[in-house]
Amino acid sequence: MKTHAYFFEHGSARGQTCELEQDSGVLKCTGIPGAEGRTFSFSEIDLQKLPGAEKWKLKIRAQEMGFLIEDKIWIEHLISAVPEYRHKGNRPGMPFPWLRIALIFVFAAAGILYGLYKATPWIADRAAVSLPWEWEMQLGEKIAAELIQKEQIDQQKTEVIREFYGLTMALPEEGHPSLPIEITVVKNDEFNAFAIPGRKIVIYTGALEAMNSHEELLAILGHEAGHVAGRHSLRTLFRALSAYAVVSFIAGDVTGVMAILIQNAQNIQQMSYSRDFEREADVRSHEYLCANKANPEGLVRLMKALQKKYGALENKDFSFFNSHPLTGERIENARKQIQENPCSGYAGDEKLANLFARLKKTSW
Ligand SMILES: [Zn+2]
């Protein structure tokens, strides 16, 4: 195998091009007066790659002369013939080292971005949880203004339900000052209730009509209060807008986050809580029933009323009844909770029962 090489001699500044052939254990050179036709055994030669370039020096040991070669394929061939040359420094690499550095950089950047992309919902969630409640209250006012303006508020039932909730023992919440939860009753025949950011709960008259006891009302209030305590609405919104929320949050632009959340207020009712949030809210509902010395069967009865109205597969996201977990599964879970913690010692509550009866009235 032949290649063009640059012949040099120690002490001479001038080099000459020549032809170099590797053949069965020897190098043969042609085209250089003085060295014409000479052969060098592989064992007389040291191979050395020049740093940062695809150039190799073939030094003839003890002869103060050598060749400079730029032919990668020829060098690979030589390396395969002489295993002693096969160390890392001699191997041909990429044509330009800077390209390799650039590639490493691009891969590293892509890896970091992928990691961030994967971690974004988690970061968004942590960002939501770390926001002060005052901020969420301010956001809630604006979202409520957008959402409730389309609805017809039932003022009388709103007053009664607020009185009802005010008489109950609220869920214990940790880590923040206890701010009031605001409940609003909206005239709508659907069986629905939902929590919105800013510690607000909305209940439709259709849900009140479908209930048969104040314990069912406690169950739905406990469930929605569980979403409020866990900040599930804000966290769901942040997760949905996670990339934007994270970037803005890191940039310290919480006003920008708020603007985008308000713009998306219309979509809130289409968003869906995670299974975990729903389960957590049902657990809190059970705790709330127990704390108020009410029959924890209230939660089961509430879900049965829901099933009766819509069947097991009804799907309405971001509302009391969410497609996941299915109502049947939630009933099972509620029964398990009752078995584990039956909250014995419950008694009827006349005041709550009377207020509930007032809520059931269709005319005033
Ligand atoms: Zn829920």
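As a basis for the values below, the full set of heavy atoms in this structure was taken, side chains included, without hydrogen atoms, waters or symmetry mates.
- Side-chain contact of E278 with H223: a donor-acceptor pair under 3.5 Å is present, judged by distance alone.
- The neighbour count for K360 NZ, taken as heavy atoms of other residues, nucleotides or ligands under 6.0 Å away, is above 12.
- By the ring pair (Phe, Tyr, Trp, His ring centres under 6.0 Å) test, Y288 pairs with no residue at all, sequence neighbours left out.
- Listed by chain and number, the residues in a ring pair (Phe, Tyr, Trp, His ring centres under 6.0 Å) with F356 amount to none (sequence neighbours excluded).
- A centroid separation of 6.0 Å or more is found between the aromatic rings of H227 and F277.
- With no hydrogens or angles considered, no side-chain donor-acceptor pair links R330 and Q307 at under 3.5 Å.
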Going through the distances and angles, do T30 and E21 end up as a side-chain contact (heavy atoms from CB on, under 4.5 Å)?
-> CA-CA 8 Å; T30 45; E21 186 180 3; over 6 Å; no

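- Within the structure, the side chain to side chain donor-acceptor pair (under 3.5 Å) test picks out the following pairs touching residues 291-301 (sequence neighbours left out): S213-R301, E215-R301.
- E19 and H4 are not linked by any side-chain donor-acceptor pair at a separation below 3.5 angstrom, with hydrogens and angles left out of the test.
- Annotation: cation-pi geometry not satisfied between R239 and W122 (NZ/CZ under 6.0 angstrom from ring centroid, within 45° of ring axis).
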Evaluate side chain to side chain donor-acceptor pair (under 3.5 Å) for H232 paired with E280, printing each intermediate quantity in order.
-> CA-CA 10 Å; H232 295 168; E280 190 183 317; 3.2 Å; yes

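- Note: Y114 and Y117 have tilted aromatic rings, judged against thresholds of 30 and 60 degrees for the angle between ring planes.
- For L113, the CG atom is densely surrounded, since the number of other residues' heavy atoms within 6.0 Å is greater than 12.
- Taking the charged nitrogens against the carboxylate oxygens, K200 and E141 do have a contact shorter than 4.0 Å, which makes a salt bridge.
- In this structure, L171 and G222 approach most closely via the heavy-atom pair CD1-O, 4.0 Å.
- The neighbour count for K55 NZ, taken as heavy atoms of other residues, nucleotides or ligands under 6.0 Å away, does not exceed 12.
- Of all non-hydrogen atoms in G230 and R235, the two that sit nearest each other are O-NH1, 2.9 Å.
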